[in-house]
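First the structure, in the form of structure tokens, and then the observations on it.
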Amino acid sequence: MAYHSELQVVRTSTVKDIAHQGRLLTLLNQREHGARRGLIVSGEWTTGKTTALKQLGRLHELRVRQRYPGSDRIPVVYITAPPKGSPRKLAMEFARFLGLPVIGPRHNTIDVTSAVCQVLIEARTDLVLVDEIHLLNHATIAGEDLSDHLKYFTEHLPATFVYAGTNVEQSGLFTGIRGKQLAGRCVLICTGPFPLNTEWRSLIASMENTLRLHRHEPNTLVKMAKHLHQRTGGMIGSLSHLIRAAAISAILDGTERITRATVKNIRIDHSSESSARGRTASLPRTG
């Protein structure tokens, strides 16, 4: 059950594109002393943004570890933009990831930021991943302050910054002078639902091949590709939830196999469930 709760990441075309663009930017930025280029991943909920972001970080760290075995480097840092954030909260996110000693109220924002930058430079961090970037809204004073502080990190750290957020084009991230400056420095990759095509079936086949159920019949899920697409709307996050939950359910009830009935009984996110009911209701009646 623990194994099926976290199946291996399927390398979709989006994951591959983000990994490729991220690696290109880290290579381009390694000799850059001015404004470094960044990457922004934007899309709807459950379209695999965070998964792709973490996969990029994992691949980069593995390459660095392979090249510098036994080193005490920290190649990758992953944080989430703090809600209703402030410069201090942002600096604290970095401090928590690095495991810095407890920072008390007497330490001001400059103290925390200086300590974080010093550790990141000494650890030779060259990739910083910032998730939930849509929380940074340049149309608000708090968003402007947070953006300025994030810009400070980008200018003082020899690292490539990669951001991910929900529909960042509509979140206010690109508004104002700060937003235009960010847009001028970053490549934008958009994620979205997968259409019912060959890649969708390939994704299902890859996930099905990772199952370790004793009595599961091969290609059962592939044959349900259309039904799974209708249930999930082509959202990779919803598909992953559905298949993992179905696998664990099959273990719990002792059947050790996933069938259409198993899939039907699995509840997934409300957005996909509502959309699926709408699509079913709009289908033409026959007979």
Side-chain angles (χ1 to χ4, degrees), residues 9 15 18-19 21-23 25-26 29 36-43 45 48-62 64-65 72-103 107-138 140 142-168 171-173 178-179 182 185-189 191:
V9 175
V15 169
I18 292 170
Q21 291 296 332
R23 187 176 188 188
L25 289 170
T26 56
N29 289 334
R36 295 176 180 83
R37 299 288 171 175
L39 172 65
I40 298 176
V41 181
S42 173
W45 296 268
K49 300 181 300 299
T50 298
T51 298
L53 199 68
K54 291 181 176 180
Q55 186 70 359
L56 167 61
R58 177 178 179 275
L59 293 173
H60 180 73
E61 178 144 354
L62 288 174
V64 173
R65 298 295 182 200
D72 56 355
R73 296 173 60 141
I74 305 175
V76 183
V77 165
Y78 172 85
I79 66 167
T80 57
K84 297 182 180 179
S86 64
R88 180 180 173 81
K89 286 182 179 180
L90 179 66
M92 288 296 293
E93 288 293 322
F94 280 99
R96 285 193 199 94
F97 182 91
L98 296 170
L100 297 185
V102 176
I103 298 171
H107 297 101
N108 59 34
T109 302
I110 296 176
D111 294 333
V112 182
T113 300
S114 298
V116 166
C117 285
Q118 181 180 350
V119 171
L120 291 176
I121 291 172
E122 291 177 355
R124 301 185 68 181
T125 300
D126 50 11
L127 182 62
V128 177
L129 309 175
V130 183
D131 209 349
E132 307 291 339
I133 196 63
H134 57 270
L135 297 175
L136 194 161
N137 188 341
H138 286 133
T140 65
E144 288 183 349
D145 291 342
L146 192 60
S147 175
D148 289 342
H149 206 64
L150 188 58
K151 184 172 178 287
Y152 177 89
F153 279 115
T154 65
E155 292 176 345
H156 287 76
L157 297 175
T160 298
F161 278 68
V162 179
Y163 313 93
T166 303
N167 297 331
V168 298
S171 70
L173 186 67
R178 294 171 178 83
L182 183 65
R185 291 182 177 180
C186 291
V187 175
L188 178 67
I189 294 180
T191 63

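Two residues are said to be in side-chain contact when any heavy atoms from C-beta on lie closer than 4.5 Å; Leu173 and His138 meet this criterion. Here the side chains of Ile18 and Leu53 are not in contact, with every heavy-atom distance at 4.5 Å or above. A heavy-atom distance below 4.5 Å is not found between the side chains of Val130 and Leu136. Put simply, the side chain of Leu127 reaches to within 4.5 Å of the side chain of Leu129, judged on heavy atoms. In this structure, Val77 and Leu98 have side chains that are in contact, with non-hydrogen atoms separated by less than 4.5 Å. Between Pro75 and Arg65 the shortest side-chain heavy-atom distance falls below 4.5 Å.
In this structure a side-chain-to-backbone donor-acceptor pair under 3.5 Å is missing from Asp72 to Ala123. Under the 3.5 Å distance criterion, the side-chain polar atoms of Arg88 are matched with a main-chain donor or acceptor of His107. With hydrogens and angles disregarded, no donor-acceptor distance shorter than 3.5 Å links the side chain of Thr191 to the backbone of Gly48. A side-chain donor-acceptor contact under 3.5 Å links His134 to the backbone of Thr166. Panel note: side chain Thr113, backbone Ile110; no donor-acceptor pair is recorded below 3.5 Å.
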* To do: In sequence, state the C-alpha distance, the side-chain angles, and the governing distance for Asp131 and Thr80, and then conclude on side chain to side chain donor-acceptor pair (under 3.5 Å).
  => CA-CA 4 Å; Asp131 209 349; Thr80 57; over 6 Å; no
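Every residue was checked against the side-chain hydrogen bond (donor to acceptor under 3.5 Å, both in side chains) condition with Arg124, not counting sequence neighbours, and none meets it. Partners of Tyr78 according to the ring-ring contact (aromatic ring centres under 6.0 Å, His included) rule, which considers only residues two or more places apart in sequence or in another chain, do not exist here. Asn137 is linked by a side-chain hydrogen bond (donor to acceptor under 3.5 Å, both in side chains) to nothing, counting only residues two or more places apart in sequence or in another chain. Not counting sequence neighbours, the partners of Gln55 by the side chain to side chain contact (heavy atoms under 4.5 Å, CB included) test are Val9, Arg11, Val15, Arg58, Leu59. With sequence neighbours left out, the side chain to side chain contact (heavy atoms under 4.5 Å, CB included) criterion links Asp148 to Arg178. Not counting sequence neighbours, Phe161 has no partner by the ring-ring contact (aromatic ring centres under 6.0 Å, His included) test.
The aromatic rings of His149 and Tyr152 lie parallel to each other, with less than 30° between the two planes, well short of the 60° mark.
Contact record, Asn108 with Asp111: OD1-N, 2.8 Å, taken as the closest heavy-atom pair.
By the 4.0 Å N-to-carboxylate-O rule, Arg73 lies close enough to Asp126 to be salt-bridged with it. Salt-bridge formation is not detected for the pair Lys89/Glu93: no Lys NZ or Arg NE/NH1/NH2 atom is positioned less than 4.0 Å from an Asp or Glu carboxylate oxygen.
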